[in-house]
Amino acid sequence: MALVQFRGLASAGIVTDPSPYELGLNAWSRGANVRFHANKAERAPVFKTIGKVEDTPLFALSYRPASVSDALLYATPTSIKRWLRRGTIDLTPTDGISYTVGPAFTTTALGDVVYLNQPSALPLYFAPQSQRFETLPGWDKTWSCRSLRAFGNYMVALGVTKGPQSVPQMFKWSDLALAGQPPGSWDANDATTNAGENVLEDLTSPIVDGAPLKDAFVVYASDQAILVTQTGDQLVFAFTRLGIDGGLIAPNCVVEVSGGHFCFGMTDIYFHDGTTQKSICDGIVRDFIFSTLNRKQSEVCFTLYSPAHKEILFCYSTVDPTAKWSGPGCNRAAVYSLTSQTWSFLDLPNVSAGGIVSVSQSVTYADYDDGGPTYASITSSYFDLDGRHDDNPFFTSRAGSGILAPRLVAYDFANKGVLTDLEVEEECNAPAFLERVGLDLDTQGSDLATYKNVRRLFPQSVMYASTPVKITVGGSNMPAGPQKWGAPLTFDPTAQYKVDVMLGGRYLSYRFEVAAPIDFEVVGFDADVTSAGRR
């Protein structure tokens with residue numbers, strides 16, 4: 001058969017649901033901690049430590065007002081804090097706070113004011129001039145809500161409980177909010193304000209969450225959706241049922257990108273623009289995701305869009321035994337690339353929340369204390385000390401299942417990333433690998449009766465550190481038989497152009513793996529394959 005060329009290894013991504021025998025040469029049947037971009041398979045971004053925290057971080061959020069610099073905030077069972085490189089600032093309400101482990105938090109921002117909500121406690125806000133979080137003015141202390149969101153100039157409470165009365169289909173809105181201030185009233189009976197409420201009778205299940213869509217707002221149940229539009233009159237809002245087959249699996253499971261919503265549903269991951277709907281994972285990775293999803297922990301699911309990487313991370317808890325961690329929070333993300341429209345998977349270090357913030361690298365005056373550097377002892381210029389203002393994804397990582405300390409982590413490339421002053425945390429990063437099984441080479445002129453021998457591989461790969469890539473070749477003689485893997489072979493692209501193998505079967509397999517958290521790329525390879533007869 002001579003040389004078999006494997007090219008376009010970024011065009012199909014990881015495809016788990018079809019039989020591997022039906023996949024093309026460019027598809028991968030399994031993998032983790034990789035991505036597909038610019039015609040190459042490469043190491044996914046890694047987790048770098050922003051800072052370790054003393055308490056259990058239940059949730060994290062970013063505060064990004066136009067008037068001041070970005071702030072990274074996180075909530076624990078009894079506090080809300082702002083992280084700084086020199087320590088933390090306590091932003092807990094004066095009367096204290098008590099959050100329950102389990103129910104999902106929601107956060108939103110409107111007019112330079114950020115809001116935080118969990119159904120177990122009163123919703124809170126933090127404004128540019130605030131010293132601590134405060135309860136919403138005009139909000140009854142006996143009320144709670146499933147989700148708190150912003151829409152237009154209004155704040156919206158979804159799934160409201162008023163004292164002993166739970167109204168899970170209620171859409172409640174505030175009076176108009178002014179810039180830099182929370183709304184002053186939530187009283188639906190006060191005719192002098194625009195505040196109001198409506199029970200969405202078309203919903204047959206409780207509201208899960210909602211999100212803006214262009215100039216409208218979509219309210220999601222677990223299996224339905226309602227479109228909300230502003231009327232411009234005394235009614236304030238109009239409500240229309242959307243023909244969406246599916247809802248959300250949990251709060252925080254929808255993001256608006258490319259003029260539509262990407263939704264993490266109960267049984268599917270799909271896109272819709274308010275009119276048309278399309279599954280983006282069916283026949284590719286849908287069966288793999290939902291057959292291993294831990295539905296007892298569905299409340300921890302969330303979705304995050306990374307503008308820097310043009311990827312959407314659908315984060316969840318999996319019971320798949322191959323997952324690196326199995327502690328609290330999310331231990332896996334199904335990652336969808338908007339540029340290549342491919343899927344990959346990421347091992348998450350017990351993540352409980354994520355967001356986007358500018359992780360500043362600049363040094364402040366407060367950092368130059370008695371024990372720190374002096375201006376005379378450094379060689380940097382003022383320009384060098386200027387912090388970056390990128391959109392950096394960040395997560396909370398909780399202790400457990402091999403992770404010893406809770407921390408805040410940034411998501412950035414190991415060697416070619418922008419957060420060069422942050423440490424790559426070994427205990428929060430799993431090995432990266434790509435694997436393909438079930439290669440029968442029928443498109444290359446072979447047949448299922450022929451035994452094939454792989455003698456050599458000629459990889460096209462790039463390493464960003466001195467660690468070599470490990471390449472393993474395997475084979476099976478039966479369609480459902482076990483894979484017999486050879487010994488892993490090390491390949492250093494700076495000193496080698498091939499690896500010698502001599503292993504085979506009727507169905508071939510190969511695997512690329514780099515255990516260390518470093519950047520690497522695989523563009524393609526040639527395989528020297530010979531026929532060894534039929535039996």
Side-chain angles (χ1 to χ4, degrees), residues 4-18 20 23-47 280-281 284-285 288 306 308-314 322 324 332-347 411-417 429-439 454 457-465 467-474 485 488-494 496-499 508-527:
V4 179
Q5 295 183 335
F6 292 80
R7 300 291 187 270
L9 298 184
S11 58
I14 296 174
V15 184
T16 59
D17 291 357
L23 301 180
L25 296 183
N26 58 346
W28 304 89
S29 54
R30 205 162 68 96
N33 308 311
V34 293
R35 67 192 294 261
F36 306 97
H37 178 69
N39 296 323
K40 59 182 180 290
E42 62 182 5
R43 169 82 203 207
V46 299
F47 297 102
I280 60 173
C281 68
I284 307 172
V285 294
F288 175 71
S306 172
H309 308 106
K310 301 296 182 184
E311 293 175 342
I312 303 174
L313 282 69
F314 298 90
T322 65
K324 173 68 174 179
R332 175 169 287 166
V335 184
Y336 181 70
S337 170
L338 294 175
T339 54
S340 64
Q341 297 183 349
T342 56
W343 285 95
S344 57
F345 292 92
L346 182 69
D347 285 309
Y411 184 63
D412 188 34
F413 287 109
N415 305 101
K416 55 184 181 180
N429 288 286
F433 77 93
L434 281 166
E435 181 179 292
R436 174 61 194 277
V437 300
L439 276 164
V454 181
L457 292 182
F458 302 86
Q460 293 175 320
S461 65
V462 176
M463 306 299 295
Y464 285 77
T467 302
V469 61
K470 288 185 178 180
I471 301 175
T472 310
V473 176
W485 292 96
L489 304 170
T490 58
F491 176 73
D492 180 358
T494 64
Q496 296 172 267
Y497 72 95
K498 68 177 178 68
V499 290
L508 301 177
S509 307
Y510 59 88
R511 177 186 176 103
F512 291 79
E513 181 176 5
V514 178
I518 63 170
D519 289 331
F520 68 89
E521 300 169 0
V522 178
V523 179
F525 66 93
D526 287 353

Atom pair OH (Tyr336) and CD (Glu311), whose distance is rounded to the nearest 0.5 Å: 11.5 Å

Would you say Lys470 has more than 12 foreign heavy atoms packed within less than 6.0 Å of its NZ? no

Leu25 side chain near Leu439 side chain, heavy-atom distance below 4.5 Å: yes

If you compare all heavy atoms of Ser11 against all heavy atoms of Thr342, which two are closest, and at what distance to 0.1 Å? O-CG2, 3.7 Å

Please enumerate all residues that pass ring-ring contact (aromatic ring centres under 6.0 Å, His included) together with His37, with sequence neighbours excluded. none

Under 4.5 Å between any side-chain heavy atoms of Arg332 and Thr322, yes or no? yes

Has Asp17 got more than 12 heavy atoms of other residues, nucleotides or ligands less than 6.0 Å from its CG? yes

Going from CH2 on Trp28 to CZ on Arg436, what distance comes out if it is rounded to the nearest 0.5 angstrom? 9.5 Å

Measure the CZ-CG distance between Arg511 and Leu434 for me, rounded to the nearest 0.5 Å. 9.0 Å

Rounded to the nearest 0.5 Å, what's the gap from CD1 on Ile312 to CD1 on Ile280? Could you check? 6.0 Å

Donor-acceptor under 3.5 Å (Ser29 side chain, Val437 main chain): yes

To check you understand the geometry: which heavy-atom pair defines the closest contact between Glu513 and Pro431, and what is its length? OE2-CB, 3.9 Å

Using 30° and 60° as the class limits, which term best fits the ring planes of Phe525 and Phe6: parallel, tilted or perpendicular? parallel

Correct closest heavy-atom pair for Pro517 and Ala414 would be O-CB, 3.3 Å

Determine whether Met463 and Ile518 make a side-chain contact, defined as any pair of heavy atoms from C-beta on separated by less than 4.5 Å. yes

Using modelled atom types only, decide if a donor and an acceptor are shared between the side chain of Asn33 and the backbone of Asp347 within a distance under 3.5 Å. yes

Residue pair Val469 / Pro459, side-chain heavy-atom distance below 4.5 Å: no

Taking side chain as C-beta onward, heavy atoms only, is Phe413 less than 4.5 Å from Arg35? yes

Student check: side-chain heavy atoms of Arg43 and Tyr464 closer than 4.5 Å: no

Distance col, row Trp343:CH2 vs Ile14:CD1, nearest 0.5 angstrom, shows 11.5 Å

Measuring from atom CG of Asp526 to atom OH of Tyr497, what distance do you get when rounded to the nearest 0.5 angstrom? 12.0 Å

Which heavy-atom pair separates Ala10 from Ser340 by the least distance, and what is that distance? O-CB, 4.3 Å

Check the orientation of Tyr411 and His309. Use parallel for under 30°, tilted for 30 to 60°, and perpendicular for over 60°. perpendicular

Is there side-chain contact between Phe345 and Val285, with at least one heavy-atom pair below 4.5 Å? yes

Indicate yes or no for a side-chain donor-acceptor contact from Asn429 to the backbone of Val46 under 3.5 Å, with no hydrogens or angles considered. no

Quick one: closest heavy-atom pair of Val499 and Phe491, and the distance? CG1-CD1, 3.8 Å

Could you check if a side-chain atom of Ser461 sits within less than 4.5 angstrom of a side-chain atom of Phe520, using non-hydrogen atoms only? no

Around atom NZ of Lys310, are there more than 12 heavy atoms of other residues, nucleotides or ligands at under 6.0 Å? no

On a heavy-atom basis, the closest approach of Ala527 and Leu457 is CB-CD2, 3.5 Å

